[in-house]
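First comes the structure, then the notes that go with it.
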Amino acid sequence: MVKQYAVIGLGRFGISLAGSLFGAGQEVLGVDINEERVEEAQSAVTHAVIADSTDPEALKSIGIRNFDTVIVAIGNDIQASILTVLLLKELGVKKVIAKAINKLQGQVLDKVGADWVIFPERDMGERVAHMLLSPNVLNFIELSKEYSVEEIKVPASMTNQSLRELDLRARYNLSVIAIRHGRNINISPSPDEIIEEGDVLVVIGGNRDLERFANL
Ligand code: ADP
């Protein structure tokens, strides 16, 4: 389904987000106060316009209320990001996502009505640290503070055995939801599936159990 997105602030984060949405076939309006940024963004989005998002009249004239989701990707100018979120909510935009560069900005954005506050630098730092600490973990999704799904390189000691023999459910309290052999992904592995060297298991479970398994 095609949705209408507006991305305000076409810095590194904003342009990457806007370009990815546009690449996925969505309608994306890019907005920036800086003419050069808008020029650069023209080919990466449906439309790009110069506007100051702290000016309510400018927001009204681009019809900001008609967008399903507005992402405020202004990071460094904290005052501008807060004022923009406040105005967007006052104008009745249903879903406002805002980028914060620190905790305090995040708290204020939350208070003025942001529906979702994101911390790209903080989150990416945490991800990279996690993957450095567990080199067998290739990727992960945190489901909650306690549970995650992780892509884990199979430890050498576990190859050439079937899932049944490995019995990860009993030994580690983990469930294997998919197995990646090179480019192929088996999303409903049978218990007799033999795990080969180089395979990657997609595993769901408690964070402690995942850590124990990933660090074998
Ligand atoms: P990043 O770290 O992702 O590059 P920046 O904070 O450096 O993020 O970039 C934010 C962008 O937001 C800049 O291109 C800047 O011109 C734009 N911006 C800042 N204030 C406003 C505003 N009031 N209205 C619209 N765009 C703005």
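In what follows, residues are counted from 1 in the order of the sequence shown. For ligands, and for the atoms within them, numbers begin at 1 and follow the listed sequence.
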(message) Given the ring of Phe140, does Arg127 sit roughly above its face, with NZ or CZ under 6.0 Å from the centre of the six-membered ring and within 45° of the axis?
(response) yes
(message) Salt bridge check, Lys3 against Glu27: does any charged N sit closer than 4.0 Å to a carboxylate O?
(response) no
(request) Assess the side chains of Asn207 and Ser148: does a donor N or O sit below 3.5 Å from an acceptor N or O? (result) yes
(message) Could you check whether Lys94 pairs with Asp68 (Lys NZ or Arg NE/NH1/NH2 to Asp/Glu carboxylate O, under 4.0 Å)?
(response) no
(request) Would you mind checking if Lys60 and Glu57 are paired as a salt bridge, meaning a charged N to carboxylate O distance below 4.0 Å? (result) yes
(message) Between Asp199 and Lys153, does any side-chain N to carboxylate O distance fall below 4.0 Å?
(response) no
Which atom pairs, nitrogen or oxygen on both sides, join ligand 1 and the protein at under 3.5 angstrom?
| residue | atom | partner | partner atom | Å |
| --- | --- | --- | --- | --- |
| ligand 1 | 2 (O) | Arg12 | NH2 | 2.7 |
| ligand 1 | 2 (O) | Lys99 | NZ | 3.3 |
| ligand 1 | 3 (O) | Arg12 | N | 3.3 |
| ligand 1 | 3 (O) | Phe13 | N | 2.9 |
| ligand 1 | 3 (O) | Lys99 | NZ | 3.0 |
| ligand 1 | 4 (O) | Arg12 | N | 2.8 |
| ligand 1 | 4 (O) | Arg12 | NE | 3.1 |
| ligand 1 | 6 (O) | Gly75 | N | 3.1 |
| ligand 1 | 6 (O) | Asn76 | N | 3.0 |
| ligand 1 | 6 (O) | Asn76 | ND2 | 3.4 |
| ligand 1 | 7 (O) | Asn76 | ND2 | 3.3 |
| ligand 1 | 14 (O) | Asp32 | OD1 | 3.4 |
| ligand 1 | 14 (O) | Asp32 | OD2 | 2.6 |
| ligand 1 | 14 (O) | Arg37 | NH1 | 2.4 |
| ligand 1 | 16 (O) | Asp32 | OD1 | 2.6 |
| ligand 1 | 23 (N) | Asp52 | OD1 | 2.9 |
| ligand 1 | 24 (N) | Ser53 | N | 3.0 |
| ligand 1 | 24 (N) | Ser53 | OG | 3.1 |
| ligand 1 | 26 (N) | Ile33 | N | 3.2 |

